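Notes to accompany the following structure.
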Amino acid sequence: MNLKKIIKDVFILCLITIICGGLMGYVYQITKKPIEKQAEQTQQEAYKLVMKKATSFKKYEDQKIKKLSKQLKNNENNVEIVQALKAYQNKKNIGEIIQVIDHDGFGGDIELIVGINQQKEITGVEILSIDETVGLGMNAKNKEFRDQYKGKKVDCFEVVKTGKQSDEEIDSLSGATITSKAMTGGINGALEFYDLLKGR
């Protein structure tokens with residue numbers, strides 16, 4: 001093969017690569033803000049769903065969240081607290097909203113928003129991100145499963161397969177025990193973090 005042709009082909013290939021890279025960077029910059037805006041909107045909607053009486057929210061400082069996160073003891077399920085907010089009804093603090101990730105889902109991270117009122121009752125659980133098995137672990141998104149936690153006032157939940165007998169027990173999803181435990185681990189982490197926020 002002619003050396004000039006090889007050089008020419010290599011040059012064209014490099015040029016195409018540079019152009020494609022530039023276009024991808026351009027598209028990323030264009031879509032970055034709308035994606036971030038959509039994610040923020042999804043979060044705000046989740047906050048309202050887990051604390052329906054709330055009229056406004058105020059974020060805790062990141063430094064405080066990091067400091068308290070280090071004190072988590074019941075962290076067997078590899079839990080990470082992402083964010084925490086005070087929920088207000090007009091000017092009255094009616095509870096806390098905790099955004100938490102459990103890293104031990106069957107398909108990876110499960111990110112949750114958990115609402116907890118001043119009586120330490122769970123007011124709601126919403127899933128921000130989940131990638132479990134369709135027809136099994138993805139059933140965690142079903143209202144029926146999530147509502148098992150709602151209205152309960154406990155320090156810690158436990159997943160059972162034989163049918164729940166008390167408020168502390170959560171019926172496992174059929175064929176998705178790992179997902180059930182990851183969901184429950186995340187919510188237990190939120191409950192423990194709630195106590196730390198309240199200085200308990």
Side-chain angles (χ1 to χ4, degrees), residues 24 27-28 31-51 59-60 62 65-66 68-85 96-116 122-152 154-164 166-194 196:
M24 285 177 68
V27 170
Y28 171 76
T31 57
K32 184 181 177 183
K33 286 187 178 179
I35 289 170
E36 288 176 350
K37 187 176 180 181
Q38 180 60 45
E40 179 66 25
Q41 186 179 337
T42 301
Q43 283 184 342
Q44 291 295 324
E45 289 171 358
Y47 298 156
K48 291 174 183 176
L49 286 170
V50 301
M51 193 74 69
K59 292 181 180 180
Y60 282 92
D62 290 342
I65 293 170
K66 288 177 182 177
L68 292 178
S69 293
K70 292 177 181 177
Q71 298 176 37
L72 288 172
K73 295 176 183 176
N74 186 24
N75 203 8
E76 293 177 359
N77 288 332
N78 199 10
V79 169
E80 176 188 350
I81 304 298
V82 178
Q83 192 163 245
L85 307 92
E96 317 297 317
I97 291 173
I98 299 166
Q99 186 173 338
V100 56
I101 297 175
D102 190 294
H103 297 291
D104 286 343
F106 185 79
D109 293 349
I110 298 177
E111 188 168 5
L112 308 169
I113 300 282
V114 184
I116 307 171
I122 291 182
T123 55
V125 175
E126 289 293 318
I127 297 175
L128 276 186
S129 176
I130 186 170
D131 189 22
E132 302 294 276
T133 306
V134 176
L136 295 173
M138 287 302 282
N139 288 334
K141 295 179 77 173
N142 293 347
K143 187 175 182 295
E144 183 182 357
F145 177 76
R146 291 182 289 112
D147 278 356
Q148 290 187 87
Y149 305 97
K150 194 173 178 180
K152 302 292 176 61
V154 303
D155 289 323
C156 188
F157 288 103
E158 179 187 1
V159 175
V160 295
K161 297 181 181 180
T162 54
K164 58 185 177 183
S166 66
D167 283 351
E168 289 86 0
E169 294 180 334
I170 298 295
D171 282 330
S172 176
L173 289 164
S174 179
T177 304
I178 294 174
T179 304
S180 304
K181 287 183 175 180
M183 282 281 296
T184 301
I187 292 166
N188 285 342
L191 286 167
E192 186 184 353
F193 192 78
Y194 173 90
L196 291 171

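Quantities reported herein were computed from a predicted structural model and do not represent experimental measurements. Residue indices begin at 1 and follow the sequence shown.
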Output yes when a side-chain donor or acceptor of S180 lies under 3.5 Å from a complementary backbone atom of L173, and no otherwise.
yes

Return the [atom1] to [atom2] distance between [X] and [Y], rounded to the nearest 0.5 Å.
{"X": "Q148", "Y": "E169", "atom1": "CD", "atom2": "CD", "value": "10.5 Å"}
{"X": "I110", "Y": "S129", "atom1": "CD1", "atom2": "OG", "value": "9.0 Å"}
{"X": "I65", "Y": "I81", "atom1": "CD1", "atom2": "CD1", "value": "8.5 Å"}

With a 4.5 Å cut-off on side-chain heavy atoms, are [Y] and [X] touching?
{"X": "Y194", "Y": "I98", "value": "yes"}
{"X": "V114", "Y": "L191", "value": "no"}
{"X": "E126", "Y": "R146", "value": "yes"}
{"X": "I127", "Y": "M183", "value": "yes"}
{"X": "L128", "Y": "I113", "value": "yes"}
{"X": "Y60", "Y": "E96", "value": "yes"}

Can you tell which of L112, V79, I170 makes a side-chain contact (heavy atoms from CB on, under 4.5 Å) with I187?
L112

Could you check whether atom NZ of K48 has more than 12 heavy atoms from other residues, nucleotides or ligands sitting under 6.0 Å from it?
no

Surrounding CG of D62 (heavy atoms of other residues, nucleotides or ligands, distance under 6.0 Å), is the total greater than 12?
no

Search all heavy atoms of [X] against all heavy atoms of [Y] and return the closest pair with its distance.
{"X": "T123", "Y": "K150", "result": "O-CE, 3.3 Å"}
{"X": "F193", "Y": "A84", "result": "CE2-CB, 3.8 Å"}
{"X": "E132", "Y": "F106", "result": "OE1-N, 2.8 Å"}
{"X": "V100", "Y": "A190", "result": "CG1-CB, 4.4 Å"}

Apply side-chain contact (heavy atoms from CB on, under 4.5 Å) to D102 and K181, showing your working.
CA-CA 10 Å; D102 190 294; K181 287 183 175 180; over 6 Å; no

Check against side-chain contact (heavy atoms from CB on, under 4.5 Å), V160 and D171
CA-CA 5 Å; V160 295; D171 282 330; 4.0 Å; yes

